[in-house]
**Q** 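My structure is below; once you've seen it, I'll send some questions.
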Amino acid sequence: MGEGGYNGRNLLGMGENCYICSGLVPKIIMCDCCGVDSVWILGVRFEKFLIFKYFDLDMKKIIASFSLFALLMIPSSCAAKKDAATEGAQKSVSNEAVEGNGQASEASGEVLPEVTMADVWAAYEGFNNVYLDPEKYIYKNTDRDKHARGRDKGAAAIWCQPMYVDMALDAAALAKSTGDKELAEQYATHLDKLIEGNISHYVDFNFDICDLDRGWFIYDDIQWWTITMARAYLATGVERYRELAEKSFARVWYGSPIVGDTGSYADPEKGLGGGMFWQWQPLFNPNPNRAGDGKMSCINFPTALAAVLLYECAPADRQADTEPIEWVNLYGEFSRPNYETKARYLEMAREIFDWAIENLAQVEGENAGIVFDNRHGDRIGGGPLIYNQGTMIGSGALLYLATGEQRYLQAAVAGAEYSINVMSARHGVLPWAHNHRNPYSQGSLEQGVYPAIWAQGMKVLVERCGQEQFVPFIQNNIKVGWNNRDKERNICDGRSWRPTSTHHMIGSYSASSIPALMLAFPPTGK
């Protein structure tokens, strides 16, 4: 999971949009299937640019020549324009984005039809028909994959599979709430098979197995599953799900006697500065983390979220574990309880959330609600990403419910407002934070799942905390995406503000966004 964004790039002509120079720098239009299709030079589009490829001409030299010529003509005020554009983007508040006026996001003037419950089920079935491997019962990487065999062999990423289980949880709950017994049984069965399929595929959820194909090799991959298994327990009451959630949480926090890492928790009493480390390195025989190692939002806010969910799961009368796993290695003596008390889970959630708000986010001032991607020692880096906003929103909302402290609710609301008013202002719908340089690389594809994560955080904020002011934006986002779907397969790409192409590859990640939002925020009265 890397950094992402949704502005075009403009370096030597490589970019989908130069909003600074108004197209003065050459802009390459990429064919989704086979590469460069055309090029914009000084505001003129030259079609059929693939001719250079067929005649084996040096594309880079041609582009660079055009680019250098164009760069000489860029006015000196370009930098000032960039500053102004950046400042304006930070300050912008899109009334349409907040109010969700039922219009298409690209100002077409088209009034979109209301989404019905039949549409919700059509969207979810479309997602399952295209991406679910019916034999393994895990999800595939893209619509081009025939099977989900393993990492780099057609299976969706290990950390994104739990988002698809979250969708199944929402589908089962929604079918039950509508009184459709047959559909409720169908999706309850689907949920069970999906969880068991993932457990079977991912080494029986033995979180101490460091396996690059089907195992666990980074902290946040494990913690995403903690969150989903805790949700599964709260929804079904199946004890096994809670046990797995608690084991995965303990594995992340304390480390592993088999892998040999020292755990994700950056214990301030050991001079590690607080918060959670993102990874152990090297993968085998890892060294202890140091205070300046990466502490990403994608492990810190999910840890706070996981801990507060486990607080909801834990029995009120539970005592501390008297038989923790203990081991000794080159780095010292270690102890890992299999579970925590209810009070301890809440304490852990508060500690990590408070550290993350202080070190990775901003909840007051001009950019209130922004969540940065990472911190290395004193250096904060990476722009805001929708999934980090979502886990900050979800953990803050749940901590508010657990403690009654307004500061948690205020942080969650600020995160939601920034997501909508600033990050979604460009198109009036949620951005797709893929890598513009290589939108179909694996890491880039995975970023398409971000809105599905955001949906879960917003669901808690809206349903359980009563913050219904955000519903119109979400409903409009759903309408726009559903209207722009591939109507033959009922799937939508991550760029939901424009019609989905029927020709290019679509990852399960971006295709999850619209059905995830629909299941979390279904239409009422239909």
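Computation of the quantities below employed the complete heavy-atom set of this structure, encompassing side-chain atoms and omitting hydrogens, waters and symmetry-equivalent molecules.
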**Q** Does the separation of the ring centres of Trp225 and Phe205 fall below 6.0 angstrom?
**A** yes
**Q** Quick one, Arg251 and Asp208 - any side-chain contact, counting heavy atoms below 4.5 Å?
**A** yes
**Q** Answer yes or no: is there a side-chain heavy-atom contact under 4.5 Å between Val449 and Ser510?
**A**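 When only atoms from C-beta onward are counted, Ser510 and Val449 do not touch, as no gap falls below 4.5 Å.
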**Q** Taking atom types as modelled and ignoring hydrogens, do the side chains of Tyr219 and Asp261 form a donor-acceptor contact shorter than 3.5 angstrom?
**A**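 There is such a pair (donor and acceptor under 3.5 Å, judged by atom type) between the side chains of Tyr219 and Asp261.
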**Q** Tell me whether the NZ or CZ atom of Arg242 lies within the 45° cone about the ring axis of Tyr233 and under 6.0 Å from its centre.
**A**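 Judged by the rule, Arg242 and Tyr233 form a cation-pi pair.
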**Q** Is there a donor-acceptor pair under 3.5 Å between the side chain of Thr500 and the backbone N or O of Asp493?
**A**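 Checked: pair present.
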**Q** Got a sec: does the NZ of Lys459 have more than 12 other heavy atoms crowding it under 6.0 Å?
**A**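 Yes, enclosed.
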**Q** Would you say the side chain of Glu182 lies within less than 4.5 Å of the side chain of Gln186, judging by non-hydrogen atoms?
**A**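 Side chain of Gln186 against side chain of Glu182, heavy atoms only: no contact under 4.5 Å found.
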**Q** Where do Tyr164 and Ser508 land on the side-chain hydrogen bond (donor to acceptor under 3.5 Å, both in side chains) test, with the steps shown first?
**A** CA-CA 9 Å; Tyr164 306 154; Ser508 57; 2.8 Å; yes
**Q** Would Tyr387 and Tyr450 count as a ring pair (Phe, Tyr, Trp, His ring centres under 6.0 Å) here? Give the steps.
**A** CA-CA 5 Å; Tyr387 77 143; Tyr450 290 178; 3.9 Å; yes
**Q** Between Arg350 and Glu405 (salt bridge meaning N to carboxylate O under 4.0 Å), is one present in this structure?
**A**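 A salt bridge is present here (some side-chain N lies under 4.0 Å from a carboxylate O).
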**Q** Is a side-chain donor or acceptor of Arg336 paired with a backbone partner of Ile325 at a separation under 3.5 angstrom?
**A**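 Absent.
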**Q** Distance only, no hydrogens: is a donor on one side chain within 3.5 Å (strictly under) of an acceptor on the other, for Asp145 and Thr142?
**A** yes
**Q** Would you check if the side chain of Asn388 reaches a backbone N or O of Asp373 as a donor-acceptor pair within less than 3.5 Å?
**A**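 Answer holds: no.
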**Q** Could you check whether any side-chain heavy atom of Pro302 comes within less than 4.5 Å of a side-chain heavy atom of Thr391, counting everything from C-beta outward?
**A**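 A side-chain contact exists here, since the closest heavy-atom pair is under 4.5 Å.
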**Q** Identify the two heavy atoms, one from Ile158 and one from Gly215, that lie closest to each other, and give their separation to 0.1 Å.
**A**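 Shortest heavy-atom contact: CD1-O, 3.2 Å.
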**Q** For the CG atom of Asn374 and the OG atom of Ser297, what is their distance to the nearest 0.5 Å?
**A** 7.5 Å
**Q** Scan Trp355, Trp253, Phe249, Phe277 and name whichever one has a ring pair (Phe, Tyr, Trp, His ring centres under 6.0 Å) with Tyr265.
**A** Trp253
**Q** Do Asn289 and Gln281 have side-chain atoms, one donor and one acceptor, less than 3.5 Å apart?
**A** no
**Q** Out of curiosity, Met423 CE to Trp454 CH2, how far, rounded to the nearest 0.5 Å?
**A**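 The CH2 atom of Trp454 is 10.0 Å from CE of Met423, to the nearest 0.5 Å.
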**Q** Within the distance-only criterion (no hydrogens, no angle test), does the side chain of Ser200 pair as donor or acceptor with the backbone N or O of Gly197 below 3.5 angstrom?
**A** no
**Q** Counting only heavy atoms not in Glu364 (residues, nucleotides, ligands), do more than 12 fall under 6.0 Å from its CD?
**A** no
**Q** What I want to find out is whether Asp293 reaches Arg290 closely enough, with some N-O distance under 4.0 Å, to be called a salt bridge.
**A** yes
**Q** Can you tell me if Asp170 and Tyr124 form a side-chain donor-acceptor pair at under 3.5 Å?
**A** no
**Q** Would you mind checking if Glu246 and Arg318 are paired as a salt bridge, meaning a charged N to carboxylate O distance below 4.0 Å?
**A**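 So Arg318 pairs with Glu246 through a salt bridge.
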**Q** Salt bridge check: are Asp321 and Arg344 linked by an N-O gap of less than 4.0 Å?
**A** no
**Q** Tell me, which pairs form a ring-ring contact (aromatic ring centres under 6.0 Å, His included) where one or both residues lie in residues 302-331, sequence neighbours left out?
**A** Trp327-Phe334
**Q** For the pair Asp211 and Arg151, find out whether any cationic side-chain nitrogen is under 4.0 Å from an anionic carboxylate oxygen.
**A** no
**Q** Between the side chain of Gln161 and the main-chain N/O of Tyr139, is any donor-acceptor distance below 3.5 Å?
**A**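 Indeed, once roles are kept as given, a pair shorter than 3.5 Å links the two residues.
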**Q** Under the criterion side chain to side chain contact (heavy atoms under 4.5 Å, CB included), I'd like the reasoning laid out for Leu346 against Leu399: C-alpha separation, chi angles, the key distance, then a yes or no.
**A** CA-CA 8 Å; Leu346 184 58; Leu399 278 167; 3.8 Å; yes
**Q** Can you confirm whether Ile370 sits close enough to Phe372 that some side-chain heavy atom of one is under 4.5 Å from a side-chain heavy atom of the other?
**A**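 With C-beta onward as the side chain, the pair touches.
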**Q** Please determine if Arg240 and Glu196 form a salt bridge, counting it only when a charged side-chain N lies under 4.0 Å from a carboxylate O.
**A** yes
**Q** Around atom CG of Asn285, are there more than 12 heavy atoms from other residues, nucleotides or ligands closer than 6.0 Å?
**A** no
**Q** Are Ser444 and Asn438 close enough that a side-chain donor and a side-chain acceptor fall under 3.5 Å?
**A**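 Checked: Ser444/Asn438 side chains show no N/O donor-acceptor pair below 3.5 Å.
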**Q** Restricting to non-hydrogen atoms, name the atom on Glu446 and the atom on Tyr509 that form the minimum distance, rounded to 0.1 Å.
**A** CA-CG, 3.7 Å
**Q** Other residues, nucleotides and ligands only: do more than 12 of their heavy atoms fall within 6.0 Å of CD on Glu326?
**A**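 Yes, CD of Glu326 has more than 12 neighbouring heavy atoms, counting only those of other groups under 6.0 Å.
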**Q** How about Ile299 and Gln223: do any of their side-chain heavy atoms sit closer than 4.5 Å?
**A** yes
**Q** Within the 4.5 Å heavy-atom criterion, are Ser512 and Met167 side-chain neighbours or not?
**A** yes
**Q** Quick check: closest heavy atoms across Ser419 and Ser424, and the distance to 0.1 Å?
**A**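 Closest approach of Ser419 to Ser424, heavy atoms only: O-OG, 2.8 Å.
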**Q** Is the Tyr137-His190 ring centre distance short of 6.0 angstrom?
**A** yes
**Q** What I want to find out is whether Lys295 reaches Glu358 closely enough, with some N-O distance under 4.0 Å, to be called a salt bridge.
**A**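 Here Lys295 does not pair with Glu358 in a salt bridge, since their nearest N and O are not under 4.0 Å apart.
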**Q** If you define the side chain from C-beta out and look only at heavy atoms, does anything of Tyr131 sit under 4.5 Å from Ile506?
**A** yes
**Q** Could you tell me which non-hydrogen atom of Ala455 sits nearest to which non-hydrogen atom of Leu517, and how far apart they are?
**A** CB-CD2, 3.6 Å
**Q** Does a donor on one side chain sit under 3.5 Å from an acceptor on the other, for Asp220 and Trp278?
**A** yes
**Q** Going through the checks in order, is the side chain to side chain contact (heavy atoms under 4.5 Å, CB included) test met by Ile357 and Met392?
**A** CA-CA 8 Å; Ile357 286 294; Met392 189 267 261; 4.1 Å; yes
**Q** Is there a donor-acceptor pair closer than 3.5 Å between any side-chain N or O of Gln389 and the backbone N or O of Ala416?
**A**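 Such a contact is absent between Gln389 side chain and Ala416 backbone.
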**Q** Answer yes or no for Arg231 and Trp224: cation-pi contact, defined as NZ/CZ to six-membered ring centre under 6.0 Å and angle to ring axis within 45°.
**A** no
**Q** Should we say atom NZ of Lys136 is surrounded by more than 12 heavy atoms from elsewhere, each under 6.0 Å from it?
**A**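 Result for NZ/Lys136: enclosed.
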**Q** Considering only NZ, NE, NH1 and NH2 on the basic side and carboxylate oxygens on the acidic side, decide whether Arg489 and Asp486 come within less than 4.0 Å.
**A**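 Salt bridge between Arg489 and Asp486, a charged N being under 4.0 Å from a carboxylate O: yes.
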**Q** Would the distance check show the side chain of Asp133 and the main-chain N or O of Ala148 forming a donor-acceptor pair, the cut-off being under 3.5 Å?
**A**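 Present.
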**Q** Counting only N and O atoms by type, is there a donor-acceptor contact under 3.5 Å from the side chain of Asn198 to the main-chain atoms of Leu194?
**A**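 Yes; judged by distance alone, with no hydrogens or angles, the pair exists.
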**Q** Between Asn206 (side chain) and Val203 (backbone), is there a donor-acceptor pair under 3.5 Å?
**A** no
**Q** Looking only at non-hydrogen atoms, find the nearest pair between Leu430 and Trp497 and report the distance.
**A**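 Heavy-atom minimum between the residues: O-CZ3, 3.7 Å.
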**Q** Working to the nearest 0.5 Å, report the span between OG1 of Thr262 and OH of Tyr254.
**A** 14.0 Å
**Q** Verify, without hydrogens or angle tests, whether Ser395 (side chain) and Leu305 (backbone) share a donor-acceptor contact under 3.5 angstrom.
**A** no
**Q** Can you list the steps and then say if Arg407 with Asp354 is a salt bridge (Lys or Arg N to Asp or Glu O under 4.0 Å)?
**A** CA-CA 10 Å; Arg407 64 189 180 96; Asp354 291 347; 3.0 Å; yes
**Q** Provide the closest heavy-atom pair for Ala316 versus Lys342 in the form atom of the first, atom of the second, distance.
**A**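 Result for this residue pair: CA-CD, 3.9 Å.
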**Q** Side chains of Tyr241 and Thr236: is there a donor and an acceptor less than 3.5 Å apart?
**A** no
